[in-house]
Participant: 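Structure below; questions to follow.
Because only heavy atoms are used, hydrogens play no part in the values below, and waters and symmetry mates are left out as well, while side chains stay in. In listed order, ligands and their atoms are each counted from 1. All figures in this text were calculated on a predicted structure; none of them were measured in a lab. The first residue of the sequence shown is numbered 1, and numbering continues consecutively from there.
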Amino acid sequence: MGWQVLLFISVLSFGAVCGQVSYSIPEEMLKGALVGNIAQDLGLGVERLKSGKARIYTGSSEEYIELKRERGVLRIKEKIDRESLCGQTVPCALHFQMILENPMEFYTVTVEITDVNDNPPTFERGEMKYEITESALTGARFALEKAIDDDVGVNGLSSYALKPSDNFALKTIIRGDGTKHVEMVLQKPLDREKHEHISLILTAVDGGEPQLSGTMQILITVIDANDNPPVCSKAEYKVSVTENAPIGTVITTVMATDVDKGNNGKVTYTISKSGAASLFKIGPDSGVLTLYGNVDYEKRRRYELDVQVSDQGGLTDVCKVIVDVTDTNDNPPSINIMSKSNTVSENVKPGTVVTMLNIQDPDANENGKVLCILNENIPFAIESTTNNFFTVVTDSELDRERSSLYNITVTCSDEGVPSLSSSVTLTLQISDVNDNAPVFERSSYEAYIVENNTPGLSVFIVKARDADWNQNARVSYILEDSSVNGLPVSSYVSVSADSGVIHAVRSFDYEQIKDFHFRVKAQDGGSPPLSSNVTVKILIQDQNDNPPQVLYPVQTGGSLVAEMVPRSADVGYLVTKVVAVDVDSGQNAWLSYKLQKATDKALFEVGSQNGEIRTIRQVTDKDAVKQRLSVIVEDNGQPSRSATVVVNVAVADSFPEVLSEFTDFTHDKEYNDNLTFYLVLALAVVSFLFITCVVVIISVKIYRWRKSRVLYHSNLPVIPYYPPRYSDTLGTGTLQHVYNYELCRTTDSRKSDCKFGGAGSQNVLIMDPSATGTMQRIQSEKNILDEPDSPLEVRLL
Ligand SMILES: *[C@@H]1O[C@H](CO)[C@@H](O)[C@H](O)[C@H]1NC(C)=O
Ligand SMILES: *[C@@H]1O[C@H](CO)[C@@H](O)[C@H](O)[C@H]1NC(C)=O
């Protein structure tokens, strides 16, 4: 259609010079396409063209159009591209001549090439890259590459568009030469943190129909700016750590994030300087909070740390970390003695407070709850009065004598797991009270003292102990008043107050007193004093201090006593019996008899036990009438004592025979003169003594009987002992009847009123050389206790 229009124009321009014709065709017509009917348009016939050998003359330029002479038309010879033929020059036309011969004519032909929108706008590069900092201000401009459209006119570049248009707007600038430049202008600040990379499409469109376009990608990399501070992941970190946790224990990790990139986003952690900063350490890069010192619940229970987080660009935040220290049972209870008695009296009442204690355990809860106990088996208890205050009290009676000192161990433990405990030992002295009387070692004492002691001799010692202490235990011994045989006991013994030694005050005589007893009191020095007493029995022991006393036959100086033995007497005839006593006792009084001398030793023997004198052979006529025997009586003491008695025996059948023989027995005639008087006197005395001695004998017998019972009970060896005069041990004697006594006793033992029995004593011959009568002699037994050494004899005329 376009070329038709151009054809019309070219017809109008026909007719100049030799004639000219113009055509207008669009570019890009196909080869062979008709440009114009030049023959017709010039008014020439085809014949003329043929004859004129019409041809086209283009000079040096390329032939795009050829002439078809046969048909008189111009056709496209080469495809015409307006842009390569003319570029931006407008209008674009081909100028050539058609030359004819016969006649020579030439016609000017102009073919205008019109534009066809066959080129889109194009960008030289497919993409453009920009690096823009996010901190770029709005209004910042960035030049963009322009698009090129080879077409001209409306087919040329018309406009640009930029998509998306969030951040940038497009601005077209028309320069003075009319060229269009395009820029993008920052409308809204960039945020790398939101979009680090932005991709835009710039589209250029032309005005052709149809419209063509070209695009270019714009890649924007947003460069980070430190526009974000670091931010703690939590506003407040609440953590706990146990006290005494080792250094290096990780407590928590503080996390802060910085959305910036690179160094702008690199967070470092520091602990702001505060009191507790030295206890904690934070990894500058990691944010790991560790323990760097010792935390003690008892000193501080909470730490508040400000952890400053900062990026390299200098932006900061502060994270708060609250560290709560939790308790561990690391403190044993501490025991403080508030008040303490060192000594208590043994008579304090149960419940008396001895010590007050204050117990502290700084740990928390169970770890700080304290329980106290005492060691066992002591009479004390521990009581809790109020919180943390304890008292140690006595819980039963004290007795210093049982235990004078107590070690009270107070052990306090808390209820932590494991439990901690501590203990303290209190030493408590128990002071004495005089609550014990002295106690004698034995309930009674018996002491022996040998008679004839020297006065002042220490006899014995009594000892009493007092369980109390010191003055309360200082014992003194006191002899208690009593009487012995009517005399105060102090005249017999004395007691040493300090030592308890008992001294004899006098010399004792067993024959006078055999035993006595008294009481000794032991008294302590307490106030008031306590005392006890004990009975001390003193037994006097016999000494062989008395020789045997011969009671019969009586030894007199003046009279002669002879035993008669008939000549018809048989072997074993009992002549007489030597009777002796010993006032000592026991072995000391155990007598034995021996024949010491005899006129005819072959005729008589003496019973060693009983003192019986018997014949040992038949008496013969040849035996002398007058026989003199000397018998020795010995006791069994150590050393033994003895007495000798002379026994006269008359071997005769009649008194005259005897008298004739015994006249020479007399050896002291002057002495006999007073005999009569003495005999009378003696008779009276003997009477008295006889009665006395009978009484005494009975007393002694009873006493011995009782004593033997005592001995029997005491298991002591008992030596049976029978003085010869009291019984016939052999039981064969014939003299028993001789010792029949009648008893009498007066109130005064020294004066006796004795009767003597008329015992048959025909065998006894008492001869007084100074008289001619025969006397019967009566021997009275001596009073053993009263008159130990005065044998009496009575001679009756
Ligand atoms: C008390 O303790 C002391 C020393 O610690 C010791 O000598 C004494 O024997 C103890 N006494 C008792 C009754 O345990
Ligand atoms: C001696 O002790 C007894 C108790 O053993 C007592 O009954 C008596 O009264 C005491 N005698 C004297 C004189 O103190």
Participant: If the criterion is any heavy atom closer than 4.0 Å to an atom of ligand 2, which residues make the list?
Facilitator: Glu480, Arg519, Asn533

Participant: Quick one: sort the Tyr303 and Phe280 rings into parallel, tilted or perpendicular, breaks at 30° and 60°.
Facilitator: perpendicular

Participant: How many angstroms lie between atom OG1 of Thr249 and atom CG of Leu291, to the nearest 0.5 angstrom?
Facilitator: 5.5 Å

Participant: Answer yes if the side chains of Asp466 and Asn436 hold a donor-acceptor pair under 3.5 Å, and no otherwise.
Facilitator: no

Participant: Decide whether Tyr445 and Thr535 meet the rule of one side-chain donor and one side-chain acceptor closer than 3.5 Å.
Facilitator: no

Participant: At under 4.0 Å between heavy atoms, which part of Thr425 makes contact with ligand 1: side chain, backbone, both or neither?
Facilitator: neither

Participant: Would you tell me whether Asn342 and Gln429 have side-chain atoms, one donor and one acceptor, within less than 3.5 Å of each other?
Facilitator: no

Participant: Could you tell me whether a side-chain N or O of Asp515 sits under 3.5 Å from a main-chain N or O of Ile538, the two making a donor and an acceptor?
Facilitator: no

Participant: What I want to know is whether Tyr406 and ligand 1 share at least one N or O pair that is separated by under 3.5 angstrom.
Facilitator: no

Participant: Looking at Lys369 and Asp414, is any side-chain nitrogen of the basic one under 4.0 Å from a carboxylate oxygen of the acidic one?
Facilitator: no

